[in-house]
Enquirer: 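Have a look at the structure that comes next, please.
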Number of protein chains: 2
Amino acid sequence: MKNVSQTWNQHVVKKENKALVLDTIIKRAPISRATIAQITGLNKGTVSSLVSELLDEKLINESGTGESSGGRRPVMLLLNEKAGYTISIDLGVTQILAVLTDLRGTIIIEKVQQFENDNLDVVQTHLYNLIDYMITHAPTSEYGIVGIGVGVPGVITTEGEILLAPNLGWKKVPLKQMLVDRYKLPIIIENEANAGAYGEKMYGVGQLSNELIYASVSIGIGVGLILDGNLYKGLRGFSGEIGHMTIEKDGRVCRCGNKGCWELYASEKALLEQAKELGFTHPTITSLIEACESGNEKAIRLFEKIGDYLGVGITNIIHIFNPEQVIIGNSMQIADAYIIPAIKKRIEQNAIGFNKDDVHIHVAKLKHHSTVLGIAAFTIENFYLTNRESIIATTE
Amino acid sequence: MKNVSQTWNQHVVKKENKALVLDTIIKRAPISRATIAQITGLNKGTVSSLVSELLDEKLINESGTGESSGGRRPVMLLLNEKAGYTISIDLGVTQILAVLTDLRGTIIIEKVQQFENDNLDVVQTHLYNLIDYMITHAPTSEYGIVGIGVGVPGVITTEGEILLAPNLGWKKVPLKQMLVDRYKLPIIIENEANAGAYGEKMYGVGQLSNELIYASVSIGIGVGLILDGNLYKGLRGFSGEIGHMTIEKDGRVCRCGNKGCWELYASEKALLEQAKELGFTHPTITSLIEACESGNEKAIRLFEKIGDYLGVGITNIIHIFNPEQVIIGNSMQIADAYIIPAIKKRIEQNAIGFNKDDVHIHVAKLKHHSTVLGIAAFTIENFYLTNRESIIATTE
DNA sequence: TAAGTTTGTCTAGTGAATAAACAAAGATGA
DNA sequence: TCATCTTTGTTTATTCACTAGACAAACTTA
């Protein structure tokens with residue numbers, strides 16, 4: 001969380017300390033009041049009073065006693081992850097993945113809806129149906145559905161409008177407004193790569209890292225930037241269009257208007273187009289991987305070529321950001337065995353030593369759930385935040 | 001400023017509010033206590049007491065009374081920019097620029113030392129001499145020299161070690177340690193582009209912008225990133241090596257080991273090399289500009305070509321960061337009349353509309369002082385920060 | 001069983017902010 | 001000119017969150 005210039009008073013102190021206590025419980029549960037006091041540096045009495053408020057708000061639970069360490073046995077505290085639920089959605093190009101998660105980001109219900117017609121009306125109906133289904137089937141809880149979030153493969157403004165979703169053929173869809181109007185709940189709309197980055201940071205392979213870049217490699221390439229532990233969105237939310245970074249000056253023209261864009265050479269689309277040229281009929285990533293597994297040299301070399309181009313872009317990313325991790329996600333990740341070595345080889349050969357030494361290349365740990373869990377994390381974070389705010393507001 | 005997880009208590013509240021009051025005075029001086037209370041939202045009494053402490057610490061001054069707005073005339077408060085001085089240095093490849101600044105970043109003394117031998121011992125002697133000169137000639141003040149900072153064209157660790165300064169031929173120079181040992185003062189060592197970015201943000205063309213990218217175009221290209229209003233340095237401080245971003249896959253080999261690096265095509269070095277190929281003898285940026293001014297078509301087209309290549313890289317930057325400003329600094333900036341149109345043309349043609357619409361391309365307002373004033377800004381910020389800390393510490 | 005340890009609560013005290021009263025200094029208008 | 005209104009800045013009483021330390025409860029160890 002960032003703090004802009006603001007005035008500080010005891011309300012803020014309490015709010016921040018309460019957040020700190022809750023955060024400590026989330027991260028280290030089960031944990032006793034005494035241990036929280038030790039870790040945070042807060043006084044035991046302060047922790048006691050904040051914990052008792054959190055208990056009143058049903059955000060945490062007491063769970064019996066823990067092991068004695070030579071004295072009175074501690075009362076262990078747990079996050080009450082069943083206090084509310086999120087509805088989190090990954091809106092893809094051919095399907096919608098919808099999940100209901102608890103407040104710890106655990107998936108309770110999962111549902112997929114395929115679609116062939118990407119007309120807005122059609123997709124919207126599927127979307128509403130999925131959300132309605134989740135609302136109906138969510139367990140009863142203290143706070144109910146605490147928010148709905150959607151990850152979208154497109155350019156999203158900070159106001160939650162889809163400016164452009166090229167692979168869906170959508171322009172200027174005020175999705176956030178539509179969902180707010182219909183459901184009267186907190187709504188989060190986020191770019192699919194941004195959400196994926198946050199998902200991996202919160203629940204995936206990036207949990208210990210504050211500087212990570214998530215490359216969503218699918219039909220195109222989108223990138224989510226976690227810098228200083230926070231999602232970086234740029235001035236209006238359009239950061240991470242690294243798929244349209246030129247890696248061949250005056251190379252092939254991209255539909256975006258630019259030339260030599262990275263995603264023309266390193267995306268799933270590039271892979272499948274080149275596979276066709278090599279004589280594969282109706283290739284898919286899966287079919288090409290199968291070809292590799294049965295020893296097809298053409299397929300293996302094709303993946304190496306794509307991996308090499310991915311490596312060129314990732315080398316750029318390493319030079320630009322000096323990240324700790326670069327994570328490959330989305331549909332291309334399943335080819336990791338065939339592309340990762342090529343990526344690493346290119347980085348090894350081309351990246352500057354200082355930057356190269358720090359960085360780890362990983363595949364998304366959450367597989368196809370990166371985006372949906374990132375969305376859940378945004379919603380959960382927003383819930384705890386506004387929940388605190390409103391409690392402060394009503395107390396005043 | 002970022003706040004990591006920490007406990008909050010009234011000491012912190014006071015510290016932050018005092019910082020807020022001081023910051024308000026710096027930004028809006030001359031200003032009355034009453035106006036500060038209005039702007040910050042703090043109570044009049046709180047402001048009064050914090051202001052009186054700042055007066056005691058000689059960090060601010062009262063300056064007579066202002067105009068009445070229908071009642072008692074206000075007592076105006078000013079920053080006491082003469083409470084201390086910084087020594088700020090831009091360590092270049094052929095010269096050292098040293099300045100003494102007050103706490104508002106105003107240059108009091110400026111001195112340049114040319115050198116031809118870039119041997120560490122020789123440069124170090126020049127550096128020490130310049131610093132000693134500034135110390136001797138600084139006006140007496142409450143806090144004296146509050147810190148020394150050096151901007152270096154190279155890779156600097158967060159610990160202030162120069163890992164590599166290619167154009168000086170230096171490796172592993174523990175500059176911070178050397179200066180700390182010698183001067184026993186707060187020392188800041190920072191990459192020249194990072195400092196330039198901060199200089200333009202604090203005192204230059206970027207004062208109203210929180211998302212800006214500063215491209216230092218000289219022999220090579222280095223980039224400083226201001227994201228969310230803060231300098232972004234990456235995991236170990238090596239961000240912004242965008243000069244070594246590939247814009248021609250498998251293009252010319254760069255001395256960094258990578259291929260097709262941006263700075264091979266868009267730097268001063270590229271300009272001068274190509275000028276030689278075009279028949280210019282001993283070309284310099286200045287001589288080439290003069291050629292342009294007397295209508296030399298070759299020179300004009302050369303700058304256009306360099307500008308075009310700069311535009312390719314800047315288009316990438318725009319796609320990656322969605323910045324509000326891109327600022328061209330360092331030696332190439334004086335050719336603005338001949339490169340900026342080409343840069344803008346390339347952006348206009350190639351950048352994605354959403355990102356393109358927001359961005360402004362500027363030339364560094366501080367000219368050759370961007371780096372040195374950025375260094376000063378770091379030192380000043382550090383002074384106010386540690387000054388507050390220590391006051392809190394001694395009060396406790 | 002006694003002594004020591006750990007946990008969690010309670011109480012008194014501290015310090016920083018706020019609200020409100022107040023004094024000082026000027027503006028305004030009959 | 002003088003009474004009234006405005007604005008500025010200080011002072012005072014009050015509030016609130018945290019801290020230190022006392023204390024009771026619960027457990028371990030010898």
Enquirer: Sequence neighbours excluded, which residues qualify as ring pair (Phe, Tyr, Trp, His ring centres under 6.0 Å) partners of A/Phe321?
Expert: B/Phe321
Enquirer: Could you check whether A/Ser49 gets within reach of a base, just the sugar-phosphate, or nothing at all, counting any heavy atom under 4.0 Å?
Expert: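 A/Ser49: no heavy atom of the nucleic acid under 4.0 Å.
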Enquirer: What are the two closest non-hydrogen atoms of B/Ser48 and B/Arg33, and how far apart are they?
Expert: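 Scanning both residues, the minimum pair turns out to be OG-CD, 3.8 Å.
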Enquirer: Atom CD of A/Glu53 to atom C1' of D/dA17: distance rounded to whole Å?
Expert: 11 Å
Enquirer: Does A/Asn17 place a side-chain N or O at less than 4.0 Å from the phosphate oxygens OP1/OP2 of D/dC18?
Expert: yes
Enquirer: Which nucleotide, D/dT8, D/dA17, D/dT19, lies nearest any side-chain atom of A/Val13?
Expert: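 Selected nucleotide: D/dA17.
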Enquirer: Within the structure, does a side-chain N or O atom of A/Arg33 lie under 4.0 Å from either OP1 or OP2 of C/dT6?
Expert: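 No, no such contact exists.
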Enquirer: Can you find a side-chain donor-acceptor pair between B/Thr65 and B/Arg73 that sits under 3.5 Å?
Expert: yes
Enquirer: Check the distance between C/dA16's P and B/Leu20's CG and give it to me in whole angstrom.
Expert: 16 Å
Enquirer: Between D/dT7 atom P and B/Ile36 atom CD1, what is the distance in whole Å?
Expert: 18 Å
Enquirer: Scan B/Val75 against the nucleic acid and name what it touches under 4.0 Å (heavy atoms): base, sugar-phosphate only, or nothing.
Expert: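 Sugar-phosphate, backbone atoms only, no base.
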Enquirer: Which nucleotide in the list C/dA16, C/dT7, D/dG9 gets nearest to the side chain of A/Ala34?
Expert: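 Closest nucleotide to the A/Ala34 side chain: C/dT7.
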Enquirer: What is the distance from NZ of A/Lys15 to P of D/dC16, rounded to the nearest Å?
Expert: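 Whole-Å distance recorded here is 18 Å.
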Enquirer: Rounded off to whole Å, could you give me the NZ-to-P distance for the B/Lys18 and C/dG15 pair?
Expert: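 Going from B/Lys18 (NZ) to C/dG15 (P), I get 15 Å.
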Enquirer: After noting the C-alpha distance and the side-chain angles of A/Val150 and A/Ile189, does the key distance pass the side chain to side chain contact (heavy atoms under 4.5 Å, CB included) rule?
Expert: CA-CA 5 Å; A/Val150 185; A/Ile189 311 293; 4.1 Å; yes
Enquirer: Looking at D/dT8, C/dT18, D/dC18, which one has an atom nearest to any side-chain atom of B/Lys44?
Expert: D/dT8
Enquirer: In whole angstrom, what separates B/Gln10's CD from C/dG13's P?
Expert: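 Checked: the CD to P distance equals 16 Å.
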Enquirer: Is it the case that B/Thr101 and B/Thr86 place a side-chain donor and acceptor less than 3.5 Å from each other?
Expert: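 On atom types as modelled, these side chains qualify, holding a pair under 3.5 Å.
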Enquirer: Can A/Ser49 and A/Ser52 be counted as having a side-chain donor-acceptor contact under 3.5 angstrom?
Expert: no
Enquirer: Between A/Glu211 and B/Tyr232, is a side-chain hydrogen bond (donor to acceptor under 3.5 Å, both in side chains) present by the stated rule, with each step listed?
Expert: CA-CA 11 Å; A/Glu211 321 296 334; B/Tyr232 182 73; 2.3 Å; yes
Enquirer: Between A/Gly41 and B/Glu62, name the one whose nearest nucleotide on DNA chain D is closer to the 5' end.
Expert: B/Glu62
Enquirer: Just the rounded figure in Å: distance from P of C/dG8 to CG of A/Leu42.
Expert: 15 Å
Enquirer: So which nucleotide from C/dT9, D/dG9, D/dT19 ends up closest to the side chain of A/Asn43?
Expert: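 The listed nucleotide nearest to A/Asn43's side chain is D/dT19.
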Enquirer: Could you tell me the separation between the CD atom of B/Gln38 and the C1' atom of D/dT8, rounded to a whole number of Å?
Expert: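 After rounding, the gap between these two atoms is 11 Å.
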Enquirer: Assess the side chains of B/Tyr198 and B/Glu381: does a donor N or O sit below 3.5 Å from an acceptor N or O?
Expert: yes
Enquirer: Of all the choices, D/dC18, C/dG8, D/dG9, which nucleotide is nearest to the side chain of A/Lys14 once you look at every atom?
Expert: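 Closest nucleotide among those given: D/dC18.
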Enquirer: Please produce a list of atom pairs where a protein N or O lies less than 3.5 Å from an N or O of nucleotides 23-26 of chain C.
Expert:
unit_1, atom_1, unit_2, atom_2, d
C/dA24, N3, B/Arg72, NH1, 3.4
C/dA25, N3, B/Arg72, N, 3.4

Enquirer: Can you tell me if the side-chain N/O atoms of A/Thr46 get under 4.0 Å from OP1 or OP2 in D/dT19?
Expert: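 A/Thr46 to D/dT19 OP1/OP2: side-chain N or O found under 4.0 Å.
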Enquirer: If the cut-off is 4.0 Å, is B/His11 near the phosphate of C/dG15, judged by side-chain N/O to OP1 or OP2?
Expert: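 No, because none of the side-chain N or O atoms of B/His11 sits under 4.0 Å from OP1 or OP2 of C/dG15.
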